[in-house]
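Notes follow once the structure below has been shown.
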Protein chains: 2
Amino acid sequence: MSRPTTPRAIEPRKAPSHARSGATVAAILEAAARILERAGLNAFNTNAVAALAGVSVGSLYQYFPNKQALLAALVAREAEDIHATVATVADTATTLPLAAGLRRIVAAAIARQTRRRDLARILDFVEAGLPALPETQRAGAALLGAVSSFLARHAASLPTHDIATAAADCVLVARALIDGATERGPIDPTMLEDRVVRTLLGYLAPNATRSSRRAVGTL
Amino acid sequence: MSRPTTPRAIEPRKAPSHARSGATVAAILEAAARILERAGLNAFNTNAVAALAGVSVGSLYQYFPNKQALLAALVAREAEDIHATVATVADTATTLPLAAGLRRIVAAAIARQTRRRDLARILDFVEAGLPALPETQRAGAALLGAVSSFLARHAASLPTHDIATAAADCVLVARALIDGATERGPIDPTMLEDRVVRTLLGYLAPNATRSSRRAVGTL
DNA sequence: ACCTGAACACCGTTCAAGT
DNA sequence: ACCTGAACACCGTTCAAGT
């Protein structure tokens, strides 16, 4: 885990073009996920991953140039999955009022984070310390896009016209609250949902008290 | 860096009781901080730290049982510093209106995070993957306490009576926004201040739109 | 083409020996 | 009491040899 100082090659070494190597890559990724959630980042080493996947280390290094690249691939898989989930829900939510739509999206995000809870948490952590793979960046941008178009639907009732910034802030804030809550142990999804939605609505609410607004403006 | 699976002794091995060993510990900690900010977590190894501190590895291990404990001690130092800063500011802010007080506190937090920017960011990251030292926990609790008492001053205009939760959420949200912003490169402190304060005020605002509230309540 | 695993290098940690 | 640094163990990564 690290903020890379010397940027390193992190791209997968090759796309698995044949069925055999495709299966190998899938086996390696799933073994990596299992070790992460079962034993944590400390016990995550390439020898253990290769052993659990039933291949040799050399074989692992044929597809992933180093340990970071393997972790990055897991992060990318997760990011794409999250994007797909949220995009679908955001799509079905466009016709709902702001609060109801937000609630659906937040619920989906919480469900996603709760499913393979330990894995999701570790991957969130890993992601923060790794240069992003193109796939991850694309999935992140697409997620922002999905949230943006949802918010754009309600632009009239929002106090800002900078939908992109609002979407980015919403995602940051929601992630912080959800990660923060799940880190403290098992959670009540509905209560967490309430808290997150309330925070986002607060952020998006057009009418903070006049005195507060004025005070902010003039400080 | 890791979420510990087998909890490890992380306490400093001994309190530096004499002037000489106190100086050694201080030298080690400062060397560790310099390596972190100059070369990142990747290049952070105990041999390099000992060399830069001008002591032998063995000497380092006399005071810190392992690498994690050394990192944890740095995190604790930072947490105590942040608490002291925020507590002081929160204290002078109690007589101000909500928005103005929040702005002062947020400004202090941003200044703190900007000072040794790389170090602060890395330590935030490290903290997320480490069991907290008692000092860190105490500093965290004290920071929450300081924010809580500030908020309590304005309890009348807040929509919740759960000040503790509100304070925790505010800290989480502020950290997420500040860290998120600083990670994207140098920032305009005033603009960031605006964004964070606006978000917190939104969260704390007593009057979200009626329709939003109702929708949330009935979903 | 893809796989194997012994070998090498690097770094965390220890411990016998020094002052 | 505190320090030293060679030595050991573990794990990331490579590469010559196999199929």
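This is a predicted model, so every value here is computed, not measured. Numbered from 1 within each chain, the chains take letters A, B, ... in sequence-line order.
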side-chain hydrogen bond (donor to acceptor under 3.5 Å, both in side chains) partners of B:Arg153, counting only residues at least two apart = none
Side-chain N,O (B:Tyr61) to OP1/OP2 (D:dT4) below 4.0 Å = no
To the nearest angstrom, how far is A:Gln62 atom CD from D:dG18 atom P?
-> 17 Å
Secondary structure of DNA chain C per the Watson-Crick/G-U criterion (both distances under 3.5 Å; [ ] crossing, | other strand, . unpaired) is ||.|||||...|||||.||
Those residues at least two apart in sequence (or on a different chain) that pass salt bridge (Lys or Arg N to Asp or Glu O under 4.0 Å) with B:Glu80 are none
Set of residues satisfying side-chain hydrogen bond (donor to acceptor under 3.5 Å, both in side chains) with respect to B:Thr165, sequence neighbours excluded = B:Asp162
Does A:Ala48 or B:Leu60 map to a spot on DNA chain D nearer the 5' end, using the closest nucleotide for each?
-> B:Leu60
Residues at least two apart in sequence or cross-chain that pass salt bridge (Lys or Arg N to Asp or Glu O under 4.0 Å) with A:Asp91, listed by chain then number, are none
For A:Asp188, enumerate each residue passing the side-chain hydrogen bond (donor to acceptor under 3.5 Å, both in side chains) test, keeping only those at least two apart in sequence or located in another chain.
-> none
Taking N or O atoms only and anything under 3.5 Å, show me the protein contacts with nucleotides 5-11 of chain D, one pair per line.
none

Side-chain donor or acceptor of B:Arg121 paired with backbone N/O of B:Asp179 under 3.5 Å = no
Rounded distance (Å) that lies between atom C1' of C:dT14 and atom CG of B:Asn66 = 13 Å
Mind checking salt bridge (Lys or Arg N to Asp or Glu O under 4.0 Å) for A:Asp124 and listing every partner two or more places apart, or none if nothing turns up?
-> A:Arg175
Salt bridge (Lys or Arg N to Asp or Glu O under 4.0 Å) filter on A:Glu30, not counting sequence neighbours, yields A:Arg34, A:Arg77, A:Arg116
